[in-house]
Novice: 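Let me begin by handing over the structure; questions about it come next.
This structure is a prediction, so every number in the text was calculated from the model and none was measured.
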Amino acid sequence: MTIPKLHYISQGNSPKEHLKNIQTACSSGAELVQLQLENVSESKYLKIAEGAREITAHFQTRLLIHNHFKIAKKIKADGVHLDKTDFCPTTAIENLYTWQIIGATANTLQDCETLLAKKVDYISLGAFRNTNTENSKVPVLGLNGYTTIVEALNTETPIIGFGGITTKDISGILEAGISGVAVSDAISSDFNSIKTFNQLLSASSTEELRHTF
């Protein structure tokens, strides 16, 4: 199972806006989208997730659901992304289809080691830099932190960077041994940047485009 190198984490001031942004991201070449809604009831979340599933299926984009693994199973999303504070990956693994992806957030080397032992499919490691939206308790790792952790882990499991990442950061992040990035702000403010991110990450979608012309 290959994990796309660019993950778009949905943003919006309303659930409707999340769906609109997911649609724009898909049509701009996003290979994987993570639906991340805050403060929404389970029934509302399910409804929006169904909408997101329709959009992503149309574009053949992978869809991950943030934290709600029961919804991920119900709508047959491609997988789930778990925050540190939420469910143990083992619980999600037991409740999901075998083909569904399970990713989880880590902030330290110890977090990563715990997650690897639980057999997650990828780890989202950050924060790369301090962003106002993140909890201020989250350590800022930067390139040095990434390099140190990746070298210590020495794992085949993809490590995805997150936390205020822009296109300017990609070459350094890849050199640090990180496999890909999860981006919210930089893409939401300019969906054309997906193409640039993909090219910089030498993501497969840009390769495919080259062959079709």
Side-chain angles (χ1 to χ4, degrees), residues 1-11 15 18-19 22 30-57 61-128 133-139 141 149-150 152-163 178-184:
M1 172 188 344
T2 54
I3 306 291
K5 292 177 183 176
L6 180 64
H7 299 196
Y8 170 58
I9 299 170
S10 75
Q11 250 184 0
H18 275 262
L19 289 180
I22 285 172
E31 285 186 83
L32 184 148
V33 169
Q34 186 193 130
L35 175 65
Q36 185 171 355
L37 297 172
E38 305 289 338
N39 314 322
V40 170
S41 69
E42 188 110 356
S43 56
K44 183 80 183 258
Y45 211 122
L46 176 62
K47 211 172 155 230
I48 300 300
E50 283 168 342
R53 173 77 286 191
E54 260 174 58
I55 295 164
T56 52
T61 300
R62 294 194 189 172
L63 173 67
L64 301 186
I65 302 295
H66 187 244
N67 287 340
H68 291 262
F69 60 83
K70 287 175 183 158
I71 290 177
K73 182 168 190 176
K74 199 167 194 173
I75 66 160
K76 294 189 165 70
D78 295 276
V80 68
H81 182 90
L82 303 172
D83 272 342
K84 271 176 77 173
T85 47
D86 291 276
F87 312 95
C88 170
T90 315
T91 314
I93 290 167
E94 286 163 3
N95 283 279
L96 290 171
Y97 296 108
T98 50
W99 49 265
Q100 285 179 307
I101 298 167
I102 296 180
T105 302
N107 306 122
T108 63
L109 173 59
Q110 198 179 355
D111 291 345
C112 292
E113 287 170 342
T114 305
L115 291 172
L116 289 175
K118 290 180 176 167
K119 306 266 191 284
V120 297
D121 296 303
Y122 75 88
I123 291 170
S124 196
L125 178 64
F128 174 65
T133 50
E134 295 292 333
N135 184 332
S136 55
K137 290 190 190 116
V138 172
L141 298 170
I149 291 174
V150 170
L153 289 173
N154 190 19
T155 177
E156 296 291 303
T157 303
I159 308 288
I160 304 289
F162 77 87
I178 298 285
S179 331
V181 292
V183 181
S184 195

Novice: Applying side-chain contact (heavy atoms from CB on, under 4.5 Å), can you list everything that pairs with Ala30, at least two apart in sequence or on another chain?
Specialist: Ala25, Val33, Ile194
Novice: Considering non-hydrogen atoms only, spot the tightest contact between Gly126 and Asn107 and give its length.
Specialist: O-ND2, 2.9 Å
Novice: Would you please name every residue forming a side chain to side chain donor-acceptor pair (under 3.5 Å) with Thr2, sequence neighbours left out?
Specialist: none
Novice: Enumerate the salt bridge (charged side-chain N to carboxylate O under 4.0 Å, His left out) contacts for residues 33-44, please, sequence neighbours excluded, ordered by first and then second residue.
Specialist: none
Novice: For Ile55, what residues pass the side-chain contact (heavy atoms from CB on, under 4.5 Å) criterion, not counting sequence neighbours?
Specialist: Leu19, Ile22, Gln23, Cys26, Phe59
Novice: Testing the 3.5 Å rule here: is there a donor-acceptor pair between the side chains of Asp111 and Thr114?
Specialist: no
Novice: For a quick test of reading the model, state the closest non-hydrogen atom pair linking Arg62 to Pro4 and the distance between them.
Specialist: NH1-CD, 3.6 Å
Novice: Go through the structure and list residues passing side chain to side chain donor-acceptor pair (under 3.5 Å) with Thr91, not counting sequence neighbours.
Specialist: none
Novice: Evaluate whether atom CD of Glu54 has more than 12 neighbouring non-hydrogen atoms of other residues, nucleotides or ligands under 6.0 angstrom away.
Specialist: no
Novice: With a cut-off of 3.5 Å and sequence neighbours excluded, list every side-chain donor-acceptor pair involving residues 68-78.
Specialist:
{"residue": "Lys73", "atom": "NZ", "partner": "Asn95", "partner atom": "O", "Å": "3.2"}
{"residue": "Asp78", "atom": "OD2", "partner": "Arg53", "partner atom": "NH2", "Å": "3.2"}
{"residue": "Asp78", "atom": "OD2", "partner": "Leu63", "partner atom": "N", "Å": "2.8"}

Novice: Under the salt bridge (charged side-chain N to carboxylate O under 4.0 Å, His left out) definition, can you give me all pairs with a residue in residues 113-122, not counting sequence neighbours?
Specialist: none
Novice: Who pairs with Ser184 by side chain to side chain donor-acceptor pair (under 3.5 Å), at least two apart in sequence or on another chain?
Specialist: Gln11
Novice: Listed by chain and number, what are the ring pair (Phe, Tyr, Trp, His ring centres under 6.0 Å) partners of Phe128, not counting sequence neighbours?
Specialist: Tyr146
Novice: Quick one: side chain to side chain donor-acceptor pair (under 3.5 Å) partners of His81, sequence neighbours excluded?
Specialist: Thr105, Tyr122
Novice: Could you go through residues 153-162 and list every donor-acceptor pair under 3.5 Å that involves a side-chain atom there, pairing it with any protein atom two or more places apart or in another chain?
Specialist:
{"residue": "Thr155", "atom": "OG1", "partner": "Thr157", "partner atom": "N", "Å": "3.0"}
{"residue": "Thr155", "atom": "OG1", "partner": "Thr157", "partner atom": "OG1", "Å": "3.3"}

Novice: So how far is it from Leu64 CG to His7 NE2, rounded to the nearest 0.5 Å?
Specialist: 6.5 Å
Novice: Any salt bridge (charged side-chain N to carboxylate O under 4.0 Å, His left out) involving residues 88-100? Give me the pairs, sequence neighbours left out, ordered by first then second residue.
Specialist: none
Novice: Quick one: closest heavy-atom pair of Ile102 and Pro89, and the distance?
Specialist: CD1-O, 4.3 Å
Novice: Give the C-alpha distance, both sets of side-chain angles, the deciding distance and a yes or no for side chain to side chain contact (heavy atoms under 4.5 Å, CB included) between Ile149 and Leu125.
Specialist: CA-CA 9 Å; Ile149 291 174; Leu125 178 64; 3.8 Å; yes
Novice: Please name the pair of heavy atoms, one in Ala106 and one in Leu115, separated by the smallest distance, quoted to 0.1 Å.
Specialist: CB-CD1, 3.9 Å
Novice: Do you know which two heavy atoms are closest between Leu82 and Ala92, and how far apart they sit?
Specialist: CD1-CB, 3.9 Å
Novice: Is there a side-chain contact between Val40 and Ile48 in this structure, where contact means two heavy atoms from C-beta onward sitting under 4.5 Å apart?
Specialist: no
Novice: Find the distance between NE2 (His66) and CG (Leu37) and round it off to the nearest 0.5 Å.
Specialist: 10.0 Å
Novice: Just how far is it from atom NE2 of His18 to atom CD of Gln36, taken to the nearest 0.5 Å?
Specialist: 8.0 Å
Novice: Please report the shortest heavy-atom distance between Val120 and Ala104, naming the atom on each side.
Specialist: CG1-CB, 4.3 Å
Novice: Nearest 0.5 Å, please: how far is CD1 in Ile93 from SG in Cys88?
Specialist: 7.5 Å
Novice: Give a yes or no on whether the backbone of Asp83 and the side-chain of Asn67 come within a donor-acceptor separation of less than 3.5 Å.
Specialist: yes
Novice: Tell me, do Ser179 and Ile3 make a side-chain contact under 4.5 Å, heavy atoms counted?
Specialist: no
